[in-house]
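Lettering of chains follows the sequences in order, A, B, ..., and the numbering in each one begins at 1.
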2 protein chains.
Amino acid sequence: MRASGSDRRDHGPTVSEAEMTATLADVAARAQVSPATVSRVLNGNYPVAAATRERVLRAVDELDYVLNGPASSLAAATSDLVGILVNDIADPFFGIMAGAAQAAIGEERGAREKLSVICNTGGSPERELTYLTLLQRQRAAAVILTGGALEDPEHAAAVGAKLARLADAGTRIVLCGRPPLPGDSVTATLAFDNRGGSRRLTDHVIGLGHRRIGYVAGPPERTTTRHRLEGHRSALAAAGLRQDGLVVHGSYDRRSGYDATLELLRREPELTAVVAANDTVALGACAALRDRGLCVPGDVSVAGFVDLPFSADAVPALTTVRLPLSEAGARAGRLALGLEPAPPGGIATVHGELMVRGSTGAVRAGG
Amino acid sequence: MRASGSDRRDHGPTVSEAEMTATLADVAARAQVSPATVSRVLNGNYPVAAATRERVLRAVDELDYVLNGPASSLAAATSDLVGILVNDIADPFFGIMAGAAQAAIGEERGAREKLSVICNTGGSPERELTYLTLLQRQRAAAVILTGGALEDPEHAAAVGAKLARLADAGTRIVLCGRPPLPGDSVTATLAFDNRGGSRRLTDHVIGLGHRRIGYVAGPPERTTTRHRLEGHRSALAAAGLRQDGLVVHGSYDRRSGYDATLELLRREPELTAVVAANDTVALGACAALRDRGLCVPGDVSVAGFVDLPFSADAVPALTTVRLPLSEAGARAGRLALGLEPAPPGGIATVHGELMVRGSTGAVRAGG
DNA sequence: CTGTTAGCGCCTTCAA
DNA sequence: TTGAAGGCGCTAACAG
């Protein structure tokens with residue numbers, strides 16, 4: 001049996017007051033104003049006399065009152081939840097972007113404090129849809145989708161439909177590090193120039209004299225994978241090189257880089273360079289080469305993508321393409337809050353910067 | 001002006017039906033049952049005739065109905081939100097734990113699907129409290145706090161008070177990789193044995209003959225920092241070594257390890273070993289040593305803590321103490337859902353395993 | 001097994 | 001500048 005706010009409107013503090021969570025009515029009673037007034041000072045978007053506001057805030061403090069989110073969301077038909085979807089939160093690629101987005105959203109000291117939260121799909125299409133539904137259920141204010149998308153047409157359609165419904169319900173949709181989507185449900189897209197960055201990277205490797213270049217790609221059905229691979233291939237084509245047998249797919253982790261590199265070596269013992277889909281994979285490649293008794297870059301050059309913090313500290317330091325993850329994440333956060341105008345056409349391309357370091361060198365004499 | 005569900009109870013599909021988000025009443029009308037029945041099939045915790053359920057589910061599908069979370073939470077006075085607080089989501093230490101917790105929670109195909117969500121405090125006490133308030137506002141079902149706590153008494157008291165209020169309101173509290181808290185608001189605690197692991201690590205280093213051992217600690221006011229440092233000191237003490245001047249504090253990142261190591265070298269040029277507060281810091285230490293022209297472990301041995309995935313791939317591979325992050329995170333998730341009984345006394349200590357690898361070796365002849 | 005009836009706590013017109 | 005009143009969409013007793 002709960003003592004409702006109005007029930008004790010005329011009483012002083014009671015035992016039950018200490019045990020039950022206070023409601024807005026309790027605050028109103030204590031501050032001698034109507035619930036409506038309390039609501040107004042709490043939301044701050046309506047004129048309230050300074051003295052009244054004072055009294056209300058004091059009552060809030062004394063009662064340790066915390067707004068009931070669900071009730072508030074229900075009545076206002078809006079919520080302060082912002083969801084950030086990531087494919088693998090254990091990968092700093094996502095951790096950095098998501099952290100930056102969350103920080104940007106948290107910094108906004110605006111009217112209603114937003115609750116920005118990270119949702120880890122683990123790369124599973126089902127969980128991606130589940131999270132989207134859950135966020136839709138919460139009537140999320142905004143959703144940020146980060147990283148490469150799955151290219152399976154069925155899943156893409158399902159996601160598109162979900163996003164359309166979310167957008168219909170007023171949820172802002174922002175894509176960060178993910179290619180644009182057809183339709184007008186997406187508020188803004190920050191797309192990484194994976195193709196261009198990859199192209200410059202492989203150009204660099206070719207420029208060092210390498211001709212037998214292996215490529216360790218990510219999972220085949222991801223946009224990120226495809227775009228980076230396309231950039232790589234366009235560089236090869238421009239140099240007149242054809243080596244379709246020298247591409248091995250795997251996941252975006254270290255183990256995959258290790259295994260794929262051994263496979264590349266098997267296919268082409270005269271390999272002199274390995275370009276990897278990302279830095280983590282590149283480090284796996286380095287490990288495999290070492291275990292085979294090969295020197296980096298003396299025998300084989302290695303290059304990565306993204307430029308994670310540890311890449312500069314690797315031995316040798318990793319040549320890679322730097323993606324501005326923090327900046328992109330922060331911008332996505334601001335776009336999700338509508339603090340920043342969407343780029344023209346709703347799409348901005350974020351370019352990577354080639355970072356030439358110790359892991360790539362001129363092809364060995366015998367190459 | 002919104003067409004409410006009951007308003008069109010007797011009509012067929014209309015334009016507005018396509019544009020407005022359907023409500024439970026719409027579904028009820030379409031399935032020719034009462035709203036209560038729809039609620040019952042949706043929540044699945046009440047007997048409903050198979051045929052009725054069928055009809056309801058079909059209506060749900062046809063209308064693309066999605067439950068209104070806020071309304072549901074308000075009525076039921078509970079929510080399906082689970083918050084996971086982390087200090088730095090860009091650090092895989094947290095990414096791995098949080099990802100595992102989220103996966104464990106997502107796997108639970110129980111009654112109501114839980115929305116587990118990661119909140120990145122960035123190590124800021126204010127943001128930690130803000131997130132706790134926001135989660136309290138959402139009437140979260142559970143909160144998981146991961147990683148070391150701040151030892152500032154004022155902040156600790158504030159957090160304690162918040163947790164007490166959350167617990168009062170029925171929120172389950174789980175600590176993962178964080179020392180136990182006084183009081184009974186915490187449902188379960190999984191504490192890492194930082195002291196013991198650190199002790200064994202430094203014992204190992206001493207056993208290799210090292211006597212001038214530098215220590216790169218984390219931020220001074222974190223429990224994790226203090227416990228690991230205490231373990232280190234107890235090992236030194238047991239070996240009769242006193243070297244308080246050889247401890248440098250910093251943050252838990254690579255840069256800090258780099259700078260701190262240079263400082264240690266300045267204080268003690270004859271240094272033969274560096275023990276770091278975590279793996280990331282240890283890699284920074286390695287980089288500093290290399291830049292000084294010193295070999296690891298030939299000139300100076302280096303050891304880390306935690307055993308992140310890249311640590312085994314470092315050159316040389318890093319000696320460290322392996323913490324079972326995934327297992328702990330998953331268990332914390334299950335504890336948060338009440339799927340697993342709390343350990344006796346509410347507290348379980350999770351031990352680390354010494355991983356001896358290439359970065360530590362016998363002290364050099366001249367040492 | 002199913003319908004009816006009250007609210008959950010807050011926001012938001014409308015009046016004053 | 002403030003109060004009064006109704007309803008947001010759903011759940012949870014109660015009946016039947």
Quick one: is A:Thr23 getting a side-chain N or O under 4.0 Å of the C:dC8 phosphate, OP1 or OP2? no

Atom CG of A:Leu42 and atom C1' of C:dT12 are separated, to the nearest Å, by 15 Å

Can you measure B:Asn68 atom CG to D:dG7 atom P for me and round it to whole angstrom units? 18 Å

Pick out the pairs of N or O atoms, protein on one side and nucleotides 13-15 of chain C on the other, that lie under 3.5 Å.
{"from": "C:dT13", "atom 1": "O4", "to": "A:Arg40", "atom 2": "NH2", "distance (Å)": "3.4"}

Using side-chain heavy atoms (C-beta onward) and a distance below 4.5 Å, is B:Leu57 in contact with B:Val41? yes

Let me confirm one number: the CG-CD distance from A:Asn68 to B:Gln138, rounded to the nearest 0.5 Å. 8.5 Å

Between the side chain of A:Arg55 and the main-chain N/O of A:Ala31, is any donor-acceptor distance below 3.5 Å? yes

A side-chain contact here means heavy atoms from C-beta on lying under 4.5 Å apart; do B:Leu85 and B:Leu132 qualify? yes

Side chains of A:Leu190 and A:Leu335: closer than 4.5 Å at any heavy-atom pair? yes

With a 4.0 Å limit, can you tell me whether B:Ser39 has a side-chain N or O closer than that to the phosphate oxygens OP1/OP2 of D:dT11? yes

Can you measure from NZ (B:Lys162) to CD (B:Gln136) and round to the nearest 0.5 angstrom? 4.5 Å

Residues from residues 69-79 of chain A lying under 4.0 Å of DNA chain D - heavy atoms: A:Leu74, A:Ala75

Are A:Ser73 and A:Arg139 packed together at the side-chain level, in the sense that at least one heavy-atom pair is separated by less than 4.5 angstrom? no

Let's see if you get this right: which residues in residues 47-59 of chain B place a heavy atom under 4.0 Å from DNA chain C? B:Pro47, B:Val48, B:Ala49, B:Thr52

Answer whether the closest heavy-atom distance between the side chains of A:Leu181 and A:Ile173 falls below 4.5 Å. no

Give the rounded distance in Å between these two atoms: CZ of B:Arg139 and C1' of D:dC10. 17 Å

Heavy-atom check, side chain of A:Gln102 versus side chain of B:Tyr131, under 4.5 Å: yes

Is the shortest heavy-atom distance from the side chain of A:Leu24 to the side chain of A:Ser39 under 4.5 Å? yes

What is the distance from CD of B:Gln138 to C1' of C:dC10, rounded to the nearest Å? 13 Å

Under 4.0 Å: is that the gap between some side-chain N or O of A:Thr37 and OP1 or OP2 of D:dT2? no

If we only count heavy atoms from C-beta on, is the A:Arg165 to B:Thr21 side-chain gap below 4.5 Å? no

